[in-house]
Amino acid sequence: MDLAFTPEEQKFADEVRAFVRANLPADVRDKVKNGKHLIRDDYMRWQQALGKKGWLVYTWPKKHGGPGFTPAQRYIFENICAEEYAPGIIPFGTKMVGPVIYTFGTEAQKEKYLPAIRESTVWWCQGYSEPGSGSDLASLRTKAEKDGDHYIVNGSKTWNTMGHWADWIFCLVRTDSKSKPQEGISFLLIDMKTPGITVKPIIMADGGHEVNEVFFDNVKVPVENLVGKENEGWTCAKFLLANERLGIAAVPQSKRGVEALKDIARVEQDNGRPLIENQSFAEKIADLEIQVTALEFTELRVLSQMAQGGQPGAEVSGLKIRGSEIQQRITELTMEAVGEYSAPYLPGLLWQGTNEEPVGPDYAHLAAPRYFNTRKTTIYGGSNEIQKGIISKMVLGL
Amino acid sequence: MDLSLSDEQKQLQESAERFAREKYTFDNRRKIVATERGWLPENWAQFAELGWLGMAFSEEDGGYGGGPIETMIVMEQFGKGLVLEPFLPTVVLGGGMIARAGSADQKAALLAPMIEGKKQFAFAWLERQSRYNLADVSLKATKEGNGWSLSGHKGVVYNAASADEIIVLARTAGSAREPKGLTLFVVDAKAKGLSRRDYPTQDALRASELTFDKVSVGADAVLGKVDDAFPTVEEAVDRAIVALCAEATGCMDAINAATLEYIKTRKQFGVAIGKFQVLQHRMVDCFTNAQEARSMTLMASLKIDDKDPTVRAKAASGAKVQIGKSGKFCGQSAVQMHGGMGVTDEMAVSHYFKRLTMIDLMFGNQQHHLTRYSNLAMAA
Amino acid sequence: MDLSLKPEHKAFADEVRAFARENLSPATREKTFSGKHYDRGDHIVWQKALGKKGWLAYTWPKKYGGPGWDVTQRFLFENVLAEEGAPRILPFGPKMVGPVIYTFGTEEQKERFLPGIRSSEVSWCQGYSEPGAGSDLANLRTRAVREGDHYIVNGQKTWTSFAHWGDWIFCLVRTNTEVKPQEGISFLLIDMKTPGVTVRPIIMTDGAHHVNDVFLDNVKVPVENLIGKENEGWTCAKFLLANERLGIAEVPSSKRGVSMLRQIARIEPLDGGTLADDPAFTAQIADIDLQVQALEMSELRVLSTMAQGGAPGPEVSTLKVRGSEIQQRIAELTMEAVGEYAQPYQPGMLFHDTNETPIGPDHAPPAAPRYFNMRKTSIYGGSTEIQKNIVSKMVLGL
């Protein structure tokens, strides 16, 4: 056992840092640093730079065009990107549908879809949840009926993140309503430009638009867009979920979040002294930092198992639970640090990138919306109650 | 010892409950938010007519002889409806300070029209560096002939855009953060040299940043004694805290009721999600939290008239700690149990959640008041 | 609404205080404030004094020999006694079986049993839980079979507090196995001296002997010891539980606990000063202090409803839940205040009147044992989980 990086790993770290500094557009870096909202083009410019370098799909095996990083390299890559204020990689193509396609897809599908995911020329989104199917995903009712060499898709999806920017959507659809819920589901790729698709924004508590409802009205999808076998889409869904859970703990982002919080606490005043000198507040930050460290080491233990060829088990669910709680706590403490100056609501500055002066310091108007928005982390990707249900059943055998 | 409401208080409760229920449906409220003022003059006129604007003031001040219990009753219903009319800044804070420190002339000129619904106030105390220290004031008032000249900045001043008069806490002597040397001024909202930047708040109220550039006021603008405003301000803020606690109690009742209804009707895995024990116990914890919040609000409302300022301060801080804790628990739990719906703009829960969150930050959060309470309790 | 006391209530409080000062033995009082264990004599001598004054059964109506106090008097009585360091009144006679007997018993039973309870001449204990019937009490299996004018009782009760001091035990026994569990239970009074009754101590984690197993081996109980009708014992059990829940929050003793904790913080050294100078620690005391106040106000609200003739609803269950959590927290903070000196195990200091000098300060020996022991409060009298189930069903309708 050794915590220190080998000289090769150290060299790799230097390479990643140099790359990010040379290729991350300065305006994008500033936005991330100041907590501003990014637009589609911001993500695309950065992801395309990574794609060109071959690092966008850094979790993929070499065989499918990934860089074949070791777990240590992944760890280094993620942490340095976060430290250098790179935006998070949008997971829908790279971490979700990509691995599903190279695992379950045909050769033709791999050739058609993977290059564009690797290079970030196509934006993907996810069509899973439905109004009546949240935690109980298998109860989904969006129907795909075979009609010659097409499926005709009808129904609606909800909580669709960034669908208004997407070129393609991967969907779970019901192709058989007679069997058990899990057994009649298929995994279908749909071009968002197909007639019959409507995207309707959902406005969140912080006034922001990042999620949508997507309606399918007699949408014609070629049968060759089916991934895996018909009615076996649940297998793809489970595979994707297990893949997704690891990165979802967002440890590098949380480490960055704690640093940003400390910066704010150094600036904010409390009885004529920096807030960070307030013992109670400093202890809260310390407590949070310890939680992040515990999570990071748990994740490192899982990565180390994987490096030895082991599979991540259901206990990775624990990472998602703690990771999401920590993300929430960071936003909560940030808002606490900002205090009453969290109250002004400046949607122009927040959403439209207008040039109005902030009220109070730059970071103040972001604090409360962040806090409200981050409540989602314990809900999406399988709520924490569902995650605990999984651990209780799969790990503890209850 | 008697914790029951009188018949008159019960009637007040019913009429406030009816007002919130009828005038503050979700859609109505949304329309009110979108108006220019962000509240409705016709509602304010109704408050005056019903006597709510004067209920907590003594008869000699032109009021109806009620007190903190009446304020608690009305504020609780305002919390249930997320009522937007500026009752807290105008009546509880502004009216409260004028009643306590104002001269007979000031009461006649300010309090009487306020009770009739013809004057509104805002209270400007916070500055960028103040956090929750009421004495951390640097806006300066200097002598100018018979009167004073005010220069400096005030932040997050609720209702400043609608107020007729701004009650400003200014430093007339002493060093930074010294409680001695503070003075209250009643400043015409349209005074020359006073500029405003208006904005909405997270929870759809209205507030402003105020800049004072050599704003001249007469000697009669001083509310109470020169250099000795701090006790008045501290008491007024303690009273405002208790009123806020009552509002939070109403918010918690409403958000809990909405969540309970939701988990009884939302089905997943073939059953109402309220059948899952993990949600049942969380719901019970919400219920318990709201009960405790109600208990502490009641305690504080009963003790806020105490002559001993320590008793009063401990009561207000104690209740604020509870409200911060319970409000956060009920708000976060409501969102969690609603799932994604809980953070959409179209559901009432997200609005209650935002209000509860902002209430914790107003006049000192949970941590601040825990420290204040602790210091008072250890000194005893 | 008014929190202040009428003159007659003030006079009453003075009377209670004077009585306690005159009648409570200084040795017993000392045990309370140093956290030592009471022996049987401490309880009995004090309870007999109360009994003689007519105050032991202070919650009973006048008709059955109680003082007929209003809720304010009860509140004052409990608080003054706690402040004066009186041991709590053992509830098994005056608060549990007494009210069951005067509510469901025959005239003969009232005459026979109530005087001994009022005077504390007879000590009672409770035979409810069994090894296989804890949270699921209705699952109990101790059998009572009718044989002529006797029941023959066989089975085992557990967690029986103070059975080793008890003259009588009130038991839930199964008289019918054919019906639904709740419908075949009877409420039976058993003289502990009856042949076939064996008491075996259970030593708790802090080394104390409070609870016991009680074995019943062919115990012959006269049928006139049955309270209420045969097979209707569950009604008595529910009545008793509802009666018990109010006082179980233990607010007066928690108030005393908080003030003792502040005393300890003023004594315990820290960095050349005392623990009372540590704002992080005193804030934790403040927090528990406020929790006690909230609980007290909640209890007063319930009492006020009762004073107006309203019945306390199942929401009083939340009082027990919070009350037990608070007792635990006070014990935890007290141990934390003592610090490393909580480690020496000093049973002599706890259980006997010894003259040995304690290791560390006087308040150190009971700190850890009390923390361990207080874990029971969220388990007995219906565990926290069971209480929440009750509220969820009865109050929230889930």
Side-chain angles (χ1 to χ4, degrees), chain B residues 1-6 9 67-69 72-73 256 260 263-264 272-277 279-289 291-303 306 314-315 317-322 325-326 366-367 369-378 380, chain C residues 1-6 9 70-73 75-76 258-259 262 265-266 276-287 289-291 293-305 307-308 310 315-319 321-322 325 384-385 387-393 395-398:
Chain B
M1 198 164 60
D2 174 17
L3 299 184
S4 56
L5 295 177
S6 68
Q9 288 168 335
I69 296 298
M72 176 188 83
I73 289 168
N256 284 347
L260 182 59
I263 66 173
K264 279 180 180 173
I273 59 175
K275 289 288 167 210
F276 296 111
Q277 197 181 38
L279 298 193
Q280 289 177 347
H281 285 193
R282 188 160 186 162
M283 196 68 236
V284 172
D285 292 341
C286 288
F287 171 80
T288 308
N289 264 283
Q291 288 294 319
E292 291 180 293
R294 177 175 303 280
S295 291
M296 289 302 270
T297 301
L298 180 59
M299 179 278 295
S301 301
L302 288 165
K303 289 187 175 175
D306 201 285
K314 280 173 74 179
S317 283
K320 193 68 167 46
V321 169
Q322 182 71 54
K325 192 191 293 181
S326 293
Q366 186 186 335
Q367 179 72 57
H369 283 287
L370 187 61
T371 305
R372 182 180 185 229
Y373 179 90
S374 179
N375 291 338
L376 291 167
M378 289 308 289
Chain C
M1 280 199 175
D2 191 0
L3 269 184
S4 62
L5 293 177
K6 293 185 194 138
H9 283 134
D70 62 27
V71 291
T72 307
Q73 285 174 303
F75 172 80
L76 291 170
V258 170
S259 82
R262 280 211 173 90
R266 290 194 178 99
D277 308 323
D278 175 11
F281 192 77
T282 55
Q284 296 187 69
I285 303 179
D287 190 60
D289 176 348
L290 290 168
Q291 291 183 42
Q293 289 184 41
L295 185 64
E296 179 173 40
M297 277 310 288
S298 297
E299 204 168 62
L300 285 174
R301 284 171 47 222
V302 172
L303 288 174
S304 158
T305 313
Q308 319 257 316
E315 62 265 34
V316 297
S317 286
T318 65
L319 300 179
V321 172
R322 294 295 296 123
E325 287 167 352
T384 292
E385 289 74 15
Q387 303 289 350
K388 287 185 181 177
N389 285 350
I390 293 172
V391 179
S392 160
K393 195 170 153 192
V395 183
L396 305 176
L398 289 172

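Lettering follows sequence order; numbering is per chain, from 1.
For the atom pair CD1 of Ile263(B) and OG of Ser392(C), the computed distance is 7.5 Å after rounding to the nearest 0.5 Å. To the nearest 0.5 Å, the span separating OG on Ser6(B) from CG on Asp2(C) amounts to 12.0 Å.
Around atom NZ of Lys275(B), no more than 12 heavy atoms belonging to other residues, nucleotides or ligands sit under 6.0 Å away.
Side-chain contact between Ser295(B) and Arg301(C) is present, with heavy atoms from C-beta onward closer than 4.5 Å. Within the 4.5 Å cutoff, the side chain of Thr288(B) has no heavy atoms near those of the Val321(C) side chain. With a 4.5 Å cut-off on side-chain heavy atoms, Leu3(C) and Leu3(B) count as touching. Between Met297(C) and Gln322(B), every side-chain heavy-atom pair lies at or beyond the 4.5 Å cut-off. Side chains of Leu290(C) and Lys325(B) form no contact here, defined as non-hydrogen atoms less than 4.5 Å apart. At least one side-chain heavy atom of Lys264(B) sits under 4.5 Å from a side-chain heavy atom of Leu398(C). Two residues are said to be in side-chain contact when any heavy atoms from C-beta on lie closer than 4.5 Å; His281(B) and Asn389(C) meet this criterion.
Comparing Leu279(B), Asn256(B), Thr371(B), Leu298(B) by how many heavy-atom pairs each has under 4.5 Å with chain C, the most go to Leu298(B). For chain B, the option among Ser304(C), Pro279(C), Ala276(C), Ala265(C) with the highest count of heavy-atom pairs below 4.5 Å is Ser304(C). The candidate from Leu5(C), Asp287(C), Asp70(C) with the greatest count of non-hydrogen atom pairs under 4.5 Å with chain B is Asp287(C). Among Lys393(C), Arg262(C), His9(C), the residue making the largest number of heavy-atom pairs under 4.5 Å with chain B is Arg262(C). Heavy-atom pairs under 4.5 Å with chain B were tallied for Val71(C), Leu295(C), Leu396(C), Val395(C); the largest tally goes to Leu396(C). Options Gln284(C), Lys6(C), Glu296(C), Glu385(C) differ in how many heavy-atom pairs under 4.5 Å they form with chain B, and the most are formed by Glu385(C).
The parts of Thr72(C) that come within reach of chain B are both its backbone and its side chain, each placing non-hydrogen atoms under 4.5 angstrom from that chain. For Gln366(B), no part sits under 4.5 Å from any heavy atom of chain C, backbone or side chain. Asp285(B) touches chain C through its side chain: at least one heavy atom from C-beta onward sits under 4.5 Å away, while N, CA, C and O do not. In this structure, the portion of Gln308(C) lying under 4.5 Å from any heavy atom of chain B is its side chain and not its backbone. Contacts of Ser4(B) with chain C are made by both backbone and side-chain atoms, with heavy-atom separations under 4.5 Å. In this structure, the portion of Ile69(B) lying under 4.5 Å from any heavy atom of chain C is its side chain and not its backbone.
Using modelled atom types, one side-chain atom of Arg266(C) and one backbone atom of Met378(B) make a donor-acceptor pair closer than 3.5 Å.
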Problem set entry | Audit row: Gln291(B), Arg322(C), side chain to side chain donor-acceptor pair (under 3.5 Å) steps and yes/no | CA-CA 11 Å; Gln291(B) 288 294 319; Arg322(C) 294 295 296 123; over 6 Å; no
